[in-house]
Visitor: 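Here it is, the structure, as structure tokens.
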Amino acid sequence: MITLIVGKKGSGKTKKLIESANDAAKKSNGNVVVIEKGLKLTYDLSHQVRLIDSDAYGIQGADALVGFISGICAGNYDLTDIFVDSTLKIIGHDMKALVQFTEKMNALSTQADTNISLLVSASKEELPEEIRSFSVES
């Protein structure tokens with residue numbers, strides 16, 4: 001399952017990510033991963049959550065992020081949840097690219113049997129129609 005957590009800057013998306021990731025870590029029999037741009041969440045997440053800095057691996061653009069997340073899924077058979085903070089900062093502020101990225105993540109989520117949550121700094125109304133059904137507001 002894929003979820004887009006949407007809202008403008010300061011609307012509580014990151015707080016929701018922290019709560020969801022920590023909750024997932026408590027309930028999961030596998031691994032929970034959070035990908036973020038920078039390491040701002042180091043002290044907010046449970047030690048059971050694997051925190052990855054996209055900048056440390058030079059991840060820029062939608063295709064790079066798709067490949068990176070696919071590699072994480074391929075290397076972890078027991079991965080249950082992936083959270084991506086600052087999705088638009090990583091892939092670029094292009095809504096067409098976001099649609100394609102979301103569709104690829106939805107397919108990967110099904111194939112890998114992994115929940116994927118993407119934080120998007122935009123209102124639900126700003127999202128293209130094709131991906132609005134995946135969104136929840138923070």
Side-chain angles (χ1 to χ4, degrees):
M1 179 177 101
I2 186 166
T3 305
L4 299 177
I5 301 171
V6 300
K8 294 288 191 180
K9 184 175 180 158
S11 63
K13 295 180 306 297
T14 301
K15 182 178 179 185
K16 186 170 184 155
L17 175 144
I18 291 166
E19 291 170 358
S20 298
N22 286 336
D23 190 45
K26 288 177 191 172
K27 295 177 180 177
S28 176
N29 290 328
N31 292 313
V32 175
V33 172
V34 172
I35 300 169
E36 70 168 329
K37 191 165 180 61
L39 289 175
K40 303 173 295 261
L41 304 178
T42 302
Y43 300 106
D44 297 313
L45 294 169
S46 164
H47 72 280
Q48 297 167 315
V49 175
R50 168 83 165 130
L51 181 60
I52 301 173
D53 177 8
S54 64
D55 288 341
Y57 295 94
I59 307 302
Q60 295 177 331
D63 289 338
L65 188 56
V66 167
F68 189 70
I69 293 172
S70 296
I72 291 171
C73 289
N76 293 282
Y77 66 91
D78 59 350
L79 188 62
T80 61
D81 297 270
I82 297 174
F83 297 87
V84 181
D85 193 13
S86 304
T87 303
L88 288 177
K89 285 183 182 177
I90 298 171
I91 70 170
H93 294 277
D94 178 359
M95 288 298 173
K96 286 183 182 178
L98 179 62
V99 169
Q100 294 172 343
F101 178 73
T102 301
E103 290 169 349
K104 289 177 183 179
M105 289 297 95
N106 189 41
L108 178 63
S109 173
T110 301
Q111 180 184 0
D113 192 27
T114 300
N115 298 314
I116 299 176
S117 298
L118 308 172
L119 273 69
V120 178
S121 290
S123 67
K124 191 171 187 173
E125 294 76 32
E126 291 177 281
L127 294 178
E129 189 65 39
E130 304 94 322
I131 60 175
R132 281 190 191 159
S133 62
F134 296 117
S135 67
V136 296
E137 294 185 283
S138 57

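FYI, side chains are in, hydrogens and waters are out, and symmetry mates aren't considered; it's all heavy atoms of this structure. Nothing here was measured: the structure is a model prediction, and the numbers come from that model.
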Visitor: So, for Val6 and Ala122, which heavy atoms are closest and what is the spacing to 0.1 Å?
Guide: CB-O, 3.3 Å
Visitor: Would you give the length of the straight line joining atom CD1 of Ile35 to atom NZ of Lys37, rounded to the nearest 0.5 angstrom?
Guide: 12.5 Å
Visitor: Taking only residues two or more places apart in sequence or in another chain, which ones pass side-chain hydrogen bond (donor to acceptor under 3.5 Å, both in side chains) with Asp78?
Guide: Asn31
Visitor: Identify, with sequence neighbours excluded, every residue that meets side-chain hydrogen bond (donor to acceptor under 3.5 Å, both in side chains) alongside Lys27.
Guide: Asp23
Visitor: Could you give the distance from CE (Met1) to CE (Met105), rounded to the nearest 0.5 Å?
Guide: 15.0 Å
Visitor: Any chance you could measure Thr102, atom OG1, to Ile131, atom CD1, to the nearest 0.5 Å?
Guide: 4.0 Å
Visitor: Tell me, which pairs form a salt bridge (charged side-chain N to carboxylate O under 4.0 Å, His left out) where one or both residues lie in residues 82-109, sequence neighbours left out?
Guide: Asp63-Lys104
Visitor: Any chance you could measure Leu108, atom CG, to Ile82, atom CD1, to the nearest 0.5 Å?
Guide: 6.5 Å
Visitor: Glu125: what forms a salt bridge (Lys or Arg N to Asp or Glu O under 4.0 Å) with it, not counting sequence neighbours?
Guide: none
Visitor: Output all residues satisfying ring-ring contact (aromatic ring centres under 6.0 Å, His included) with Phe134, sequence neighbours left out; order by chain, then residue number.
Guide: none
Visitor: Is the closest side-chain heavy-atom distance between Ile69 and Val84 below 4.5 Å?
Guide: yes
Visitor: Do you know the tightest heavy-atom contact between Leu88 and Ser121?
Guide: CD1-O, 4.0 Å
Visitor: So, does Lys13 use its side chain to make a donor-acceptor pair with the main chain of Gly7 at under 3.5 Å?
Guide: yes
Visitor: Which residue pairs pass the side chain to side chain donor-acceptor pair (under 3.5 Å) test with at least one member in residues 108-120, sequence neighbours excluded?
Guide: Asp81-Asn115
Visitor: Applying salt bridge (Lys or Arg N to Asp or Glu O under 4.0 Å), can you list everything that pairs with Lys8, at least two apart in sequence or on another chain?
Guide: Glu126
Visitor: Got a sec, which hydrophobics cluster with Leu17, joining ILVMFWY side chains under 4.5 Å apart, including via others?
Guide: Ile5, Ile18, Val32, Val34, Leu39, Leu41, Leu45, Val49, Leu51, Phe83, Leu119, Val136
Visitor: Give a yes or no on whether a salt bridge exists between Glu19 and Lys16, defined as a side-chain N under 4.0 angstrom from a carboxylate O.
Guide: no
Visitor: Report the residues that fulfil salt bridge (Lys or Arg N to Asp or Glu O under 4.0 Å) with Lys124, sequence neighbours left out, ordered by chain and then residue number.
Guide: none
Visitor: Which residues satisfy the side-chain hydrogen bond (donor to acceptor under 3.5 Å, both in side chains) test with Ser20, sequence neighbours excluded?
Guide: none
Visitor: What residues form a side-chain hydrogen bond (donor to acceptor under 3.5 Å, both in side chains) with Lys15, not counting sequence neighbours?
Guide: none
Visitor: Which atom pair, heavy atoms only, marks the closest approach of Ser28 to Thr80?
Guide: OG-OG1, 2.7 Å
Visitor: So which pairs with a foot in residues 43-54 pass side chain to side chain donor-acceptor pair (under 3.5 Å), sequence neighbours left out?
Guide: Ser46-Gln48
